[in-house]
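Structure first, commentary second.
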Amino acid sequence: MSAGEALAGPDGGLRCPWALSTEDYITYHDDEWGRPVHGDDALFERLSLEAFQSGLSWITILRRRTGFRSAFAGFRIAEVAAFTDTDRERLLADAGIIRNRAKIDATLANARVLAEWAPGDLDELIWSHAPDPAGRPAPKTLTDVPAVTPESTALSKALKKRGLRFVGPTTAYALMQACGLVDDHLATCVARRA
């Protein structure tokens with residue numbers, strides 16, 4: 001077995017090796033990661049959490065997701081867009097989230113931008129960058145999984161052009177993976193879609 005191949009989990013099923021370090025990861029990997037996500041608020045949440053993850057491990061964000069949802073009004077765009085300076089100070093003092101000023105400010109600014117979009121625009125824009133699955137062979141090992149693709153670079157540029165922040169190509173690709181635009185579960189992984 002070469003490095004980066006699927007490994008047996010606690011139930012014996014083969015999984016992407018990154019998913020096996022904690023039970024939280026196994027559940028997220030099996031039930032969420034790579035599954036299609038639609039809806040502006042749901043995609044705003046994923047986009048925001050991917051931005052907060054930048055420079056950190058995903059488990060740090062995953063374990064604080066409940067705190068993030070509480071702090072950011074369930075990531076309902078209209079509500080976050082109405083946050084005031086008092087809300088911003090509350091967020092900066094909230095130990096239940098990552099208290100990074102630049103990422104908090106970007107999330108608030110992004111909500112204000114998105115609140116001006118028509119319903120469904122964020123969903124449509126993001127999903128318009130999904131690559132043709134027929135052109136993407138199932139990865140055999142982790143080395144076959146890119147960090148950036150032409151599609152994620154294009155998505156990043158499109159989001160930035162529309163005024164969004166903290167949406168670089170790597171963050172855009174992580175969003176594409178998390179929201180099912182691409183299926184980067186390894187070929188032998190039990191969570192890979194048929």
Side-chain angles (χ1 to χ4, degrees), residues 4 6 14-19 24-59 61-62 65 68-69 72 74-77 80 103 106-107 110-111 113-114 117-194:
L14 294 177
R15 286 179 176 80
C16 303
W18 64 263
D24 292 334
Y25 263 161
I26 293 171
T27 300
Y28 174 73
H29 168 272
D30 288 3
D31 299 338
E32 290 185 62
W33 192 73
R35 303 288 181 256
V37 173
H38 286 281
D40 293 343
D41 291 341
L43 288 165
F44 171 59
E45 175 183 352
R46 300 321 191 284
L47 186 63
S48 300
L49 293 178
E50 292 296 347
F52 272 101
Q53 185 272 328
S54 180
L56 303 170
S57 69
W58 178 247
I59 196 69
I61 304 304
L62 190 59
R65 186 163 56 173
F68 273 108
R69 286 175 172 164
F72 284 97
F75 289 97
R76 290 179 294 278
I77 294 168
V80 178
K103 293 175 183 180
T107 302
N110 289 347
V113 168
L114 293 170
W117 293 18
D121 276 1
L122 180 61
D123 190 302
E124 183 179 329
L125 176 65
I126 289 173
W127 278 90
S128 73
H129 289 82
D132 179 1
R136 294 180 53 86
K140 292 183 173 71
T141 70
L142 292 180
T143 58
D144 297 330
V145 178
V148 174
T149 64
E151 294 87 359
S152 75
T153 300
L155 175 57
S156 171
K157 287 179 181 175
L159 291 168
K160 287 178 182 179
K161 184 176 180 181
R162 300 271 317 254
L164 298 184
R165 296 164 37 187
F166 258 94
V167 289
T170 302
T171 297
Y173 193 68
L175 175 77
M176 294 171 80
Q177 291 174 306
C179 296
L181 281 75
V182 296
D183 185 356
D184 278 344
H185 286 285
L186 300 182
T188 56
C189 177
V190 296
R192 184 159 182 90
R193 289 176 273 157

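Numbers here simply count residues along the sequence, with the first being 1. Scope of the values below: all heavy atoms of this structure, side chains included, with no hydrogens, waters or symmetry mates.
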Seminar exercise, completed: Thr170 meets the side-chain hydrogen bond (donor to acceptor under 3.5 Å, both in side chains) criterion, sequence neighbours left out, with none
For this session: Taking all heavy atoms of Ser54 and all of Lys103, pick out the closest pair and write down the distance.
Result: O-NZ, 2.6 Å
Problem set entry | Partner residues of Phe166 under the ring pair (Phe, Tyr, Trp, His ring centres under 6.0 Å) criterion, sequence neighbours left out | none
Exercise. Does the pair Phe75 and Ser48 meet the rule for a side chain to side chain contact (heavy atoms under 4.5 Å, CB included), with working shown?
Worked result: CA-CA 9 Å; Phe75 289 97; Ser48 300; 3.5 Å; yes
Exercise. What is the distance from atom CG of Leu62 to atom CG of Asp24, rounded to the nearest 0.5 Å?
Worked result: 5.5 Å
Problem set entry | For Arg136, side-chain hydrogen bond (donor to acceptor under 3.5 Å, both in side chains) partners two or more places apart | Tyr173, Asp184
For this session: First locate atom CD of Gln177, then atom CH2 of Trp58, and finally report the distance between them rounded to the nearest 0.5 Å.
Result: 11.0 Å
Exercise. Taking C-beta and beyond as the side chain, do Leu43 and Cys179 meet within less than 4.5 Å on heavy atoms?
Worked result: yes
Exercise. Any donor and acceptor pair, going by atom type alone, linking the side chain of Arg192 with main-chain N or O of Asp183 inside 3.5 Å?
Worked result: yes
Exercise. Looking only at atom types and distance, does a side-chain atom of Asp40 sit under 3.5 Å from a main-chain N or O of Gly120, one as donor and one as acceptor?
Worked result: yes
For this session: Specify the closest pair of heavy atoms between Ala111 and Val80, including all atoms of both residues, with the distance to one decimal.
Result: CB-CG1, 3.5 Å
Exercise. Quick one: does Ser156's side chain get under 4.5 Å of Thr171's, heavy atoms only?
Worked result: no
For this session: Say whether, by atom type as modelled, one donor and one acceptor occur between the side chain of Asp41 and the main chain of Ile77 under 3.5 angstrom.
Result: yes
For this session: Return yes if some donor-acceptor pair links the side-chain N/O of Ser152 with the main-chain N/O of Pro169 below 3.5 Å, else return no.
Result: yes
Problem set entry | By ring pair (Phe, Tyr, Trp, His ring centres under 6.0 Å) - contacts of Trp18 (at least two apart) | Tyr25, His29, Trp33
For this session: Please name the pair of heavy atoms, one in Ala178 and one in Glu50, separated by the smallest distance, quoted to 0.1 Å.
Result: CB-OE2, 3.6 Å
Problem set entry | Over all atoms of both residues, closest heavy-atom pair of Cys16 and Leu186 | SG-N, 3.4 Å
For this session: Output the distance between atom CG (Leu47) and atom CG (Leu155), rounded to the nearest 0.5 Å.
Result: 8.0 Å
Exercise. Taking atom CZ of Arg162 and atom CG of Leu122, what is their separation to the nearest 0.5 Å?
Worked result: 9.0 Å
Problem set entry | Nearest-0.5 Å distance that lies between atom CD1 in Ile61 and atom OH in Tyr28 | 11.0 Å
Exercise. Any idea which heavy atoms bring Gly180 and Trp127 closest together, and the distance?
Worked result: O-CH2, 3.6 Å
Problem set entry | Considering all heavy atoms, the nearest Asp30-Ala191 contact | CA-CB, 4.2 Å
For this session: Quick one: list whatever passes side-chain hydrogen bond (donor to acceptor under 3.5 Å, both in side chains) with Arg35, sequence neighbours left out.
Result: none
For this session: Indicate yes or no: at least one non-hydrogen side-chain atom of Leu114 is less than 4.5 angstrom from one of Leu164.
Result: yes
For this session: Find out whether Glu45 and Arg65 are in side-chain contact, i.e. whether some heavy atom of one side chain is under 4.5 Å from a heavy atom of the other.
Result: yes
Problem set entry | Nearest-0.5 Å distance, CG of residue Leu181 to CD1 of residue Ile126 | 7.5 Å
Exercise. With sequence neighbours left out, which residue pairs that include part of residues 144-160 fulfil the salt bridge (charged side-chain N to carboxylate O under 4.0 Å, His left out) condition?
Worked result: none
